Amino acid sequence: QEEPVRIAAIAPLSGPGAFDGQLAVEGMEAMVAIVNENGGVLDGRMLELVTYDDKGSPEEGVSAAKRAIEQDDVDVIVGGWFSSVALTMKEVTRDRILTIMTTSQHPDTTREGHDWLFRLNATSTMMSGAYSQFICDRMDLESIAFITINDDYGRLEVENYEKLLSECGIEVLGNEYYNKDDADFTTALTKLRAANPDAIYVSAINTAQGATIYRQIRQVGYRGTTIASAGNMNPKLVELSGPALEGVYSVSLFAPDSQDPELLAWVAKYEEMFDNEPSFIGSIGAQSIEVLAEAIDAAGTVRDYGELAETIRGNEWDTLLGNVTFDDIGQAEQNIYLIQIQDGKIASVN
Amino acid sequence: MTILSVNTLTKKFGGLTAVSDVDFEVQPGEILGIIGPNGAGKTTLFNMLAGSMQPTSGTVHLKGQNITGMRADRIARLGVARTFQITSLFPALSAHDNVRAATYRTKKTGWMASIFRTATYRAEEADVDRDAMAALHFCDLAGHADDNAESLSYGDQRRLEIAIALAAKPALLLLDEPAAGMNPEEGQRLVNMIRKIRDNGTSVLLVEHHMRVVMGVCDRVVVLDHGEKIAEGTPAAVVDNPDVIRVYLGREAVSA
Amino acid sequence: MELVLLTQQIMNGLVNGMTYVLIATGLTLVFGVLHIINFAHGEFYMLGAFFTFFAAKLLGLDYISAGIVATLGVAVLGILANRFFFWPLRKEHEFTVLLSSLGLALLLTNGGELIFGADPKYVASPFADGIVPLGPVIVTQQRMLIFAVGALVLVLLYLFIQKTRMGKMMRATAQNPEGAALTGVDIRRVYTVTFMVACGLAALAGALVGPTAMIFPTVGTWAVLKGFIVVVLGGLGSIPGALIGGLILGVVEALAGGYISMGFAQAIGFSIIIVVLLWRPNGLFGAARRA
Amino acid sequence: MMARFLPILAVAAALVLPLATSNTYFHHLLVLWMLYSLLALSLNIIVGYIGELSFGHAAFFGIGAYTAAILGMNFGFPGFPGLLMAGIVAGAFGFVIGYVALRIEGPQFVILTLGFGSIIFTTTNYWVDLTRGPMGISNIAPLGVGAGFELSSALDYYYLSLLLVVAFAYACHALMLSRTGRAFIAVRENAQLAASLGVDVFRTKLLAFVVATAVAGVAGAIFAHYLTVITPEVMSLNYMVAILIMVIVGGRGTIAGPILGALIYVGLLELLRATGALRMVIFAALLTVSVIFLPGGLVSLWRRFADRSTVRTARQAQVEAGE
Amino acid sequence: MLELRDINVSYGRRAVIHDLSITVPDGKVVTLVGSNGAGKTTVLKTISGLVRPTSGTIMFDGKPIERMEPHDIISTGVVQIPEGRLLFKDMSVAEHIELGGIRAHSGGRTEAERLAWVYELFPILRERREQKAGTLSGGQQQMLAIARGIMANPRCLMLDEPSLGLAPIMVDQLADAIRALNENGITILLVEQRVDLALRLADRGYVLETGRIVIEDAADSLLENPRVKEAYLGA
Ligand SMILES: Nc1ncnc2c1ncn2[C@@H]1O[C@H](COP(=O)(O)OP(=O)(O)OP(=O)(O)O)[C@@H](O)[C@H]1O
Ligand SMILES: Nc1ncnc2c1ncn2[C@@H]1O[C@H](COP(=O)(O)OP(=O)(O)OP(=O)(O)O)[C@@H](O)[C@H]1O
Ligand SMILES: [Mg+2]
Ligand SMILES: [Mg+2]
C-alpha cells in the first residue's frame, strides 16, 4: 500500500464561520471519496484530507498552516474561507508548499504573485463586473442602497458596485456597514428604507447574518427589490430566509441545475455522505480537490511544487463546475452563472 | 504643640445629625477617652478624623495642619493610625504579613531597589521584619505569626488590628473599642499595652465601653450623646456626672 | 419625514432595548443576588432558542407551547448547572467562579455546536413577519410580544424579590451567607431557585428573541455582552435598573446606528457605560457594593 | 530549599528545551508559549496582585502589536526601539484607561475594561486608513537592527521572549518582596485598611495597571514581528478570555501560575487537535473541571504537596497569597 | 435538653476542640468561659451546624442533631446569635426581623407577640425600622442581631458575646433581657467575655482552655474559684 497524498484543509470549524467551513470541508470529503473510488492519484495513491480549524482567526490560520507544513508534513494545502485568514496564511505558505485557496474573494489574495498559490473563486472584482452588467441591463433600477459587512471583502464590494452602477446611471442612495458579530439590522435597514431606493444590495458572507438581513428587510416594511451579493447563495440561506428571498437574484460559480456528469456524481456522493444540501461552498471545495487530483496525475508528482504549479497554470481543467484555467498569478478563470430563487430553489437564469 | 484639635465638627446623614458641633483637643502623650451611648456618634467622629468620611462642617487640625476632609491615605501618612470597630484585616494574609504591610508609611525604598537588592533595601526589609515581629510580640500574637488572619479567633483578630496600627508607628492612634471581645483579665493587659504605647510617645484617642479600661488608662474623657458633647473631664469626674450616669452608665456606674 | 424616521428609530430602540432587558433580568438576578458574574448566561439564552426550535420540530408543538417547554427545560438545566458548576464553588474567590462560568459557556457553545450542528437555524414564529402599524411607525408582532412579555416579567420578578419570603432570603444570602444560614435560610435552596429562575428567564428571552434573527450555537456571546452592559448600566441586582438600562441602551444604539453608523453601535453602547459609571460608580440604580 | 532552586532549574530546562528537537513547529509552539506567558504574567499584576479583574487586556497586546507594525511599515521604525515604543504606547493607553476605570471596582470594573477593550477593537476595525481594518497588517518585517542582525527563526524569537519572561518574572518576584508589592497586596486584600495605613489606593492600582499594560504591549509587538501579520482578531473576546484562562487556571497571584497557564493553553489545545470536532468541547470540559477541583489554579497542586513537607514562611505566604 | 458528647472539631488539619462534653439542662442558663482562641465560638458553631464535628454526638431533646443542616437545626428550636452579628448590610431592620422568623418552630409565643416583645426590649429598633442595617451604630447592630435571633422563637438560645459593643447601660438591659428570656422558659447557652456578668447570670459554668473543658461547676462557685478569678476576672 502506497503512502496517501495528504491534503490539509484549513477552514473555520468552530465559532461564527463554523457552518460555512463545514460545508466546504464536506464538499472536499465527497470529492476525495470519488477520487479514491476511482483509484486515487499517481497509480494508486489515495487522497487523505487532514482538517484544521482556523476558528475564523488569521492568527489561528497561521498556526494551523505552520502545523500542517512543519509538524504534519502534508503535501498540499487547500482552504482559506475568510479573506483575512487567506491573506495571512499565504505568508506562511509562500515558497514552501502548494496552496489552493477556495472561497476567499479578495483580489490581494493572489495579487502579490506567489508562484505556488492558486485561487479558485472569482475575485469580487471579477464577479462585480459580470453582476453589475446584469443589474444595469435587466433590472430597471434608478436607485440602490447597500448594506455591507465591514471587512476588506465588503469594503471592496461597495467600492466596485458604487462605481460600476453609477456608470450606468443608477443612483447610489446609501451604504450601511455592519460588524461580523451583529445580530440585529433593523436600525440600518430602517435608515436605508427611509432613503427609498429601488433596490437594496445585501453583501453578506455569513449565512446566519444573511438570512437575518433578508428577513428583516421585509420586517422593516421595505417592499422594493432585494439583490443578493455574488457568490454567497446556498440552500441553507434560502431555507432560512423563507419568502424574503423569493425572486432574488445573485451570481455564482455553481449552477445548481447544471447537468454536468461530474457535478451530478459529486452531488450524489455528497448527499450520500452528508445531511446538508450541496452548496456553492461545498462545490468549490470539491473543485479544489478535483483540480489537484488531476494536476498531480498530469504532472506525475506531488512534491515537486514547481512542476505541479506549472502544470496547473499550463492546462485547462475540466471540473464539476465546468472548465477552469489559471492566469499568471494563479487566479482561476471560470464561468459565472446568474441565479435566482424560484419557488424556494436556486435556479439558473439565462 | 497640640496634636489634634477638633473644632465644631459636624456630620449629618440626611436628617440625622450623627455628630454635632464637637470640640476637643489632644495633647502630646495624652490618652483621651471618648465614651457615649450606642449611636452617639463616636465611630462617625473617628471616621472623620481618619479621613474615611467627609465632615459636613467644622475643622480638624493635626499638629497645626488643617486636615479637614483630607483623604484617608494622606492623613495616615501624616502619622495617624486607627483600628476599626468592625474588624478590618487582610484576611487571607498571615498575621505577620498583616503587620508587615503596616510598615508602609515609615519606609521608603521602591520596587527598583528590590530588583537590584540594594543595601538600603536589605536593611529596610530587615527592619520591616523586626518591627512586625515586635508589634506581634507586643500584642501577644507572636505564636500566631504564620496563621492567616481569618483563622484567628475574634479576640485575637482584635489584637492583630492593634498590632497593625502600632506597626505604623503613628503619632496619633485612634482605637475604636479595642477591648471588645476581651475578658476583664485581657482588658487589664490591654490597659498596660496602651500605657506603653503612650510611653513611646504616641497620643491615643480611645473609644471604649469597658469602663474598667477607660478608667484605668485615660487621662481625660469626652462624653458624647446624640452627637453632642455632654461632658468632659477626668475619668473620675465624668463617672460621677449624673447625666453620664443617666444616659450611659446606668447601674454599672456602681458596680464598675 | 425626518420626524417619522426619528420616531421609528426610537421605536426600534425601545423594542430592541426590551430584548436586552429580558436577557439582563436573569443576569442581574444571579449577578446581584449571588454576586456571580455568570458568563454562561448567554448560553442559556442560546439553549432557550434551540430548545424552542427542537420542541417545535421534534414534538410538533406550536410556537408558544414550544417556548414554554424550552423555558421549563432550561430552568431544569439551570438547577443542574448550579449543582455542578456554581454550588461547589460558593466559597471560592469570585474570579474562580467567573472562570468556571466562562468554562461552562465554552462547554455549552461547543457542545451545542456538536449536538445541534453548526448550521444556523430559524425559530419559526407566527408573529415574526406580521407588521403592526402604529401610525406612520411600524413594529413586528414578535417585537410587540417581546415588549409585552418583557414588561410583565419585570414586574413579576420585582415583586418576587422584594415581597416574597424567597426573595428576601435571596438578598440575605447575597449579603451574608453565614448570617443567613444562622437565620434559618436554606442556602442551597436559594442557590437552586436563583439559578432556576435566572436560567428560565434566559431561555424565555431566547424563545422570544429567537425568531427575530437566526440562531446558532455562538449566539450566546452576543446576548451575554448586551446583558452585562444593561446590568451594569442599571446597577447590579436592580430590576428597575435593568429596565431603564436596557431601554437606554436600545435607544442609544438605534440612534447611533441611525445617525452615525451601525458599526459603531456596540462601541457607543460601551461608551455610555463608561460615562454613566464615572458619574455613578454603581450604575443608575445600584446600591453600594458589599464591603 | 527545593523551592529556591526550582526557578533556576526551570530556566535551565527552558534554555535547553528547544534543542531537544529540530521540529520548527515545536519551536513555534514554544514561542507562542513564551509570548503568552509574558502576556499572562502582565495581566497577573492586575488580576493577581491588585485583585481587579481586567477583561480588556488583549487590547493592550493589540495596541503594542499595531504600534510596532505601523511604526515599522509606515515610518521605517527599526525593530528593537519599536518594541520600546510599543510598550510606551500601550502603557500610555493603560494610563489613560486606568485613570478612568480604576475609580471603579468589582464587577463594574470588569465590564468597564471589557468595554474599553471592545471600543479599541471596534476602532481598529474601522480606522482603515491607519490599521487597514479587519484584514490587518501583513508582511511585517522581522525584528532586527538594520541588515546586520535579524531574528529569523522561531528559535531566535523563543530566546528573546524567554529572556523577557525570565526578567519580568524576576521583577515580579522582587516586586512582591518590596514595599510596593506589599502595597499591591494590601490594596487587593482590603483597600480601606490599606488607605488607613497610608497607601494611596488609586495611585497604587494605576501603577500596576500601567506596568501591566506596557508589558502586554511589548509582548504584542514581538508577536506581530514574529507572525509577520496582525489583525484586530488579537483583541477580540476570544483572546480576552484566553489570557484570563491562562492566569486563573495557572494560579493567579503567583509567578509560576501564569507561565504554567500559558503552557496548558498552548499545549492542551495543540494536543487536542487530534480529537477533531471534540477539541473545544474537551478543552472546555477540562478547563471547568480544573477550576472546580483546583480553584487556586494548577500551582496549588504543588503547594498541596509542598505544604506537607515544609513549613511555609511568612514571606512565601505573601508571594503565594491569593490562592 | 442540649447535650454534647465527646465532640472533636478541626479546621483542616488543625484540631481545635478535643473530646468535649457539655450538658445544658432545660430552662437553665449555662455559660462557657475561656480566653481568646479557646474554642468557644467553635463549640457554638458546631451546635448550630455551621461546622461539622469530626466525632461525637449532639443531642437536643433526645434527638441527634449533629448531622443536620443549619436551617433544620433552627427549626428544632436551637438558635445561635452569632459573634460579629453577621447582619445583612443592605437590608432594613424590619426585614431582618421578618427573616428571623422564617424557621421559627411552632409553639410558645406567636410571631406577633415576639415582635412586640422585641420592640419593647429595643425601642430604637422600632424607630429605625426602615434603616439599612449597615448604617446602624455598632451597638444598634448588636441589638438587631439579638432581635433577629429571638424572632426564631428559640427553645435553646446560644449567645456568642452578646454584650460586644454595647454601652454599659445597654449591657444591663441585655442582662435583664437574658433573664427575662430564661424566665420565659428559654434555655440559654451563653458565651461572654464579661465573665463576671456571665457567671452572675448563669446556673452552671464550663471553663474551656485550648479546646478542652478544664473546670465544670456551679456558676457561683466558679465566681469564687481562684483559678477563674486570676485568669478571667483580672483580679
Ligand atoms: N452611613 C450612615 N447613614 C445613616 N446613618 C448613619 C450612618 N452611619 C452612622 N449612622 C447613624 O449615626 C449615628 C452614630 O453612629 P456611630 O456609628 O458613630 O455611633 P457610635 O457612637 O460609634 O455607637 P456604638 O457605640 O454603638 O458603636 C447612629 O444613629 C447611626 O445609625
Ligand atoms: N476558619 C478557621 N480556620 C482555622 N482555624 C480557625 C478558624 N476559626 C477558628 N480557628 C482557630 O480555632 C481556635 C478556636 O477559635 P474560636 O473562634 O472558637 O475561639 P473563641 O474561644 O471563640 O475565641 P474568642 O474569644 O477570641 O472569640 C483558634 O485557635 C482559632 O485560631
Ligand atoms: Mg461605634
Ligand atoms: Mg469567639
Side-chain angles (χ1 to χ4, degrees), chain C residues 28-29 31-35 83 87-88 90-92 158-194 234-241 280-291, chain E residues 12 41 44-52 68-105 111 132-135 141 144-154 157-160:
Chain C
T28 211
L29 193 66
F31 205 100
V33 172
L34 300 178
H35 286 277
R83 171 72 188 75
W87 175 252
R90 69 194 173 282
K91 294 198 176 123
E92 300 299 338
Y158 184 78
L159 292 177
F160 173 64
I161 290 181
Q162 292 300 326
K163 302 292 176 210
T164 67
R165 199 153 255 200
M166 190 63 201
K168 286 177 186 163
M169 292 185 351
M170 286 170 157
R171 282 190 287 145
T173 306
Q175 293 172 31
N176 195 329
E178 199 178 357
L182 283 179
T183 309
V185 174
D186 183 347
I187 310 277
R188 192 168 182 147
R189 218 177 109 224
V190 166
Y191 264 77
T192 308
V193 172
T194 307
L236 306 188
S238 163
I239 307 288
R280 291 186 66 107
N282 294 304
L284 294 171
F285 287 74
R289 205 179 168 226
R290 81 204 129 140
Chain E
T41 298
L44 297 200
K45 282 186 177 175
T46 311
I47 299 171
S48 11
L50 284 183
V51 174
R52 290 258 174 262
M68 282 160 74
E69 293 292 325
H71 54 269
D72 292 325
I73 292 177
I74 292 175
S75 302
T76 69
V78 177
V79 175
Q80 180 185 355
I81 292 170
E83 177 182 62
R85 299 151 194 159
L86 309 185
L87 298 180
F88 316 125
K89 193 167 144 298
D90 291 332
M91 292 176 79
S92 67
V93 169
E95 284 177 324
H96 277 79
I97 289 180
E98 182 193 338
L99 277 176
I102 50 173
R103 283 280 170 168
H105 86 98
E111 181 143 355
K132 287 188 173 173
T135 63
Q141 293 190 7
L144 182 56
I146 296 172
R148 182 179 64 181
I150 292 176
M151 289 309 291
N153 197 16
L157 187 63
M158 302 186 283
L159 298 113
D160 198 351

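From a predicted model like this one, the values you see are computed outputs, not experimental measurements. Chain letters run A, B, ... following the sequence lines, proteins first and then strands; every chain starts at 1.
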Considering residues, nucleotides and ligands other than F160(C), do more than 12 of their heavy atoms fall under 6.0 Å from its CZ? yes
Chain C contact via L99(E) - side chain, backbone, both or neither, heavy atoms under 4.5 Å: both
Supply the atom-to-atom distance I187(C) CD1 to H71(E) NE2, rounded to the nearest 0.5 angstrom. 9.0 Å
Just how far is it from atom CZ of R165(C) to atom CD1 of I102(E), taken to the nearest 0.5 Å? 6.5 Å
Other residues, nucleotides and ligands only: do more than 12 of their heavy atoms fall within 6.0 Å of CZ on R189(C)? no
N176(C) and F88(E) have their tightest heavy-atom pair at O-CE2, 3.6 Å
Which atom names give the shortest non-hydrogen contact between L182(C) and Q80(E), and what distance separates them? CD2-OE1, 3.6 Å
So, the part of L87(E) with a heavy atom under 4.5 Å from chain C: the answer is backbone
Using non-hydrogen atoms and a 4.5 Å limit, figure out which bit of I74(E) sits close to chain C: side chain, backbone, both or neither. side chain
Between R171(C) and D90(E), is the side chain to side chain contact (heavy atoms under 4.5 Å, CB included) condition met? List the steps. CA-CA 9 Å; R171(C) 282 190 287 145; D90(E) 291 332; over 6 Å; no
To check you understand the geometry: which heavy-atom pair defines the closest contact between A181(C) and P70(E), and what is its length? O-CB, 3.9 Å
Does any pair with a residue in residues 68-78 of chain E pass salt bridge (Lys or Arg N to Asp or Glu O under 4.0 Å), and if so which ones, sequence neighbours excluded? R52(E)-E69(E), D72(E)-R103(E)
Applying salt bridge (Lys or Arg N to Asp or Glu O under 4.0 Å) as the test, list every pair that has at least one member in residues 177-188 of chain C; sequence neighbours left out. E178(C)-K45(E)
Identify the heavy atoms of Q175(C) and K89(E) that sit nearest to each other, and give their distance. OE1-N, 3.1 Å
